[in-house]
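Reminder, nothing fancy here: chain letters follow the sequence lines and each chain counts from 1. FYI, side chains are in, hydrogens and waters are out, and symmetry mates aren't considered; it's all heavy atoms of this structure. Computed from a predicted model, the values in this text were never measured in an experiment.
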2 protein chains.
Amino acid sequence: MKASHLKPDAYAAGCPTRQILDRIGDKWAVLILLLLRGEPMRFNQLRRAIEGISQKMLSQVLKSLERDGLLRRRAIATVPVTVEYSITPLGLTLAEAVDPLRDWAEQNLKEVLAAQRRYDAQRKALAA
Amino acid sequence: MKASHLKPDAYAAGCPTRQILDRIGDKWAVLILLLLRGEPMRFNQLRRAIEGISQKMLSQVLKSLERDGLLRRRAIATVPVTVEYSITPLGLTLAEAVDPLRDWAEQNLKEVLAAQRRYDAQRKALAA
DNA sequence: CCGTATCCGAGCCGATACTG
DNA sequence: CAGTATCGGCTCGGATACGG
């Protein structure tokens, strides 16, 4: 039985939705998962793929995702060392749950931006 | 045609996914949308429903959601003033896109927590 | 009841330098 | 190639007080 359509009375501090949202809030995390769904990737490969992420953040987020069981880290003893990150089955299910969100983003970003312009114009008019 | 299952080569800084994720990353925003889907609510009603949010944050996030066209603010001239927040059709579609994520959270939080315990135990063992 | 204004401390995050 | 370590600015966000 799904609870999706029941109206919640409140969101307690420790509820699952809050906890997972905190992780999704980590914007990089989701992007990494979506990328890894395609194929395993190496550290600097991810770094290049995600425009704007710093070495430090990437390292940090990868560690956190591994800790959560959403991806797997595999070090290969070459010289120099190669490290491969791949998504886990659990991570895959999360990525799938994020898909509708990405679709929504692509379809509705324009409308959101338009709403912002309307709002700002309105505020500007009031200020004058 | 849905783009969900195509492998992205990169996530540029301004892509829709990144932009929307930045907003979702605002953890409170999603919770508010999900709450308002049930029924319009007033300021302090929301405040009570979302455990732990400060007055400042609630005010801030509500303004941002209104700006994005995801909810509507309606002030009623009573004494003292009553303000009613309700979700817009656009906001409703976003809330629906978030549903799978909430379902995922409820179903998989346990497994994530278990993975964390395994990871931490492993690290502890190595440190010893 | 519904906010805004101000202060201020914690922690995020980028930059840089260094290691296996 | 794949990270760790350290420093410092800067933003986020809580607490408090006040106004419409």
Side-chain angles (χ1 to χ4, degrees), chain A residues 11-13 18-19 21-32 35-36 39-68 71-86 119-120 122-123 126-127, chain B residues 11-13 18-19 21-32 35-36 39-67 71-86 119 122-123 126-127:
Chain A
Y11 284 108
R18 288 267 290 262
Q19 297 209 34
L21 242 34
D22 279 351
R23 300 178 178 285
I24 300 305
D26 205 335
K27 61 178 174 183
W28 303 118
V30 172
L31 294 178
I32 291 173
L35 277 170
L36 288 181
E39 59 182 351
M41 293 178 81
R42 286 170 304 125
F43 189 86
N44 283 330
Q45 204 177 352
L46 281 166
R47 189 153 156 52
R48 280 187 300 273
I50 303 175
E51 196 176 301
I53 194 170
S54 69
Q55 200 176 28
K56 179 182 172 182
M57 286 310 298
L58 180 55
S59 168
Q60 215 169 86
V61 175
L62 285 173
K63 205 177 295 183
S64 153
L65 287 172
E66 189 195 359
R67 179 168 183 263
D68 291 349
L71 61 77
R72 186 170 20 247
R73 179 186 187 278
R74 197 167 66 96
I76 307 166
T78 54
V79 180
V81 65
T82 302
V83 179
E84 188 186 81
Y85 293 93
S86 56
Y119 183 89
D120 293 343
Q122 181 72 13
R123 299 276 298 191
L126 291 178
Chain B
Y11 284 106
R18 288 266 290 262
Q19 297 209 34
L21 241 35
D22 279 351
R23 298 174 181 285
I24 300 306
D26 205 336
K27 61 178 175 183
W28 303 119
V30 172
L31 294 178
I32 290 172
L35 277 170
L36 287 182
E39 58 182 352
M41 292 178 81
R42 287 169 303 125
F43 189 87
N44 283 329
Q45 203 178 351
L46 281 166
R47 190 153 155 55
R48 281 187 299 273
I50 303 175
E51 197 176 301
I53 194 171
S54 69
Q55 201 176 26
K56 179 184 174 181
M57 287 310 299
L58 181 54
S59 169
Q60 214 168 88
V61 176
L62 285 173
K63 205 177 294 183
S64 153
L65 287 172
E66 188 194 0
R67 179 169 182 262
L71 62 76
R72 186 169 21 247
R73 179 186 188 277
R74 197 166 65 96
I76 307 167
T78 53
V79 180
V81 65
T82 300
V83 179
E84 188 186 81
Y85 292 94
S86 56
Y119 183 91
Q122 181 72 11
R123 300 277 298 189
L126 290 178

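Atom pair B:Q60:CD and C:dA5:C1' shows a separation of 12 Å (rounding to whole Å applied). Remark: P of C:dT4 and CZ of A:R123 are 8 Å apart, rounded to the nearest angstrom. Counting to the nearest Å, the P atom of C:dT4 and the CG atom of B:N44 are 13 Å from each other. Nucleotide D:dC1 holds its C1' atom 12 Å from the CD atom of A:Q45, rounded to whole Å. To the nearest angstrom, C1' of D:dC12 lies 15 Å from CG of A:D26. Across the protein-nucleic acid pair, B:L58 atom CG and C:dC1 atom P stand 14 Å apart, rounded to whole Å. Separating the NZ atom of A:K63 from the C1' atom of D:dA2 is a distance of 12 Å, rounded to the nearest angstrom.
A pairwise comparison of heavy atoms in A:A12 and B:E51 identifies CA-OE1, 3.6 Å as the closest pair.
A salt bridge links A:R74 with A:E84: at least one charged nitrogen is closer than 4.0 Å to a carboxylate oxygen.
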Just by protein heavy atoms under 4.0 Å, how would nucleotides 14-19 of chain C read 5' to 3' in B, S and -? BB-B--

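Residues satisfying the side chain to side chain contact (heavy atoms under 4.5 Å, CB included) criterion with A:R47, sequence neighbours excluded, are A:F43, A:N44, A:Q55, A:L58. Not counting sequence neighbours, the partners of B:A75 by the side chain to side chain contact (heavy atoms under 4.5 Å, CB included) test are B:R73, B:V83.
In this model, the phosphate group of C:dC2 is not approached by any side-chain N or O of B:T82 to a distance below 4.0 Å at OP1 or OP2.
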